[in-house]
Amino acid sequence: MARDMSDIDILKMELEQLKKEVSTPREPVSKTSKDTMDWCEAASGTDLLITGVPDDKNPYKPEKGGWKNIMLYLHRNTWQTYCSYVSLFTGLKRLKLERKNRRDIH
């Protein structure tokens, strides 16, 4: 479409778009972020991603015992597990680098 238009037509389109964007009502980020946080906290009690599916309503509930329960536990706690592994890995990596730098200095 832009190939068939002259430079003046393209600039007119850009001007029209800018006029629309300027007239759009805006709110401060501080207000909208607070509203978003309040909404998330209010909905967290019913959010299945946070609370999980109750065992009596879960069609994929694993049998008792065995590695499946371990996998289910890890799946439910994936974010916490991931964060702890990342912090552990970064701490070990940082420690290794500090030790290497100490050896290089001395």
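In what follows, every heavy atom counts, from backbone to side chain, and hydrogens, waters and symmetry copies are set aside.
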Flag yes if more than 12 heavy atoms outside Asp7 fall under 6.0 Å of its CG atom; otherwise flag no.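 No.
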Test Lys34 against every option in Thr32, Thr36, Asp38 by the side chain to side chain contact (heavy atoms under 4.5 Å, CB included) rule and name the one that passes.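 The passing option is Asp38.
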Just to verify, what does Glu41 make a side-chain hydrogen bond (donor to acceptor under 3.5 Å, both in side chains) with, not counting sequence neighbours?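 With sequence neighbours excluded, Glu41 shows a side-chain hydrogen bond (donor to acceptor under 3.5 Å, both in side chains) to no residue whatsoever.
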Going by side-chain hydrogen bond (donor to acceptor under 3.5 Å, both in side chains), name the residues that satisfy it together with Asp56, two or more places apart in sequence or in a different chain.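 Not a single residue meets the side-chain hydrogen bond (donor to acceptor under 3.5 Å, both in side chains) criterion with Asp56.
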Would you mind writing out the side-chain donor-acceptor pairs for residues 8-21 within the sub-3.5 Å range, not counting sequence neighbours?
from  : atom 1 : to    : atom 2 : distance (Å)
Asp9  : OD2    : Ser6  : OG     : 3.3
Gln17 : NE2    : Glu21 : OE2    : 3.0

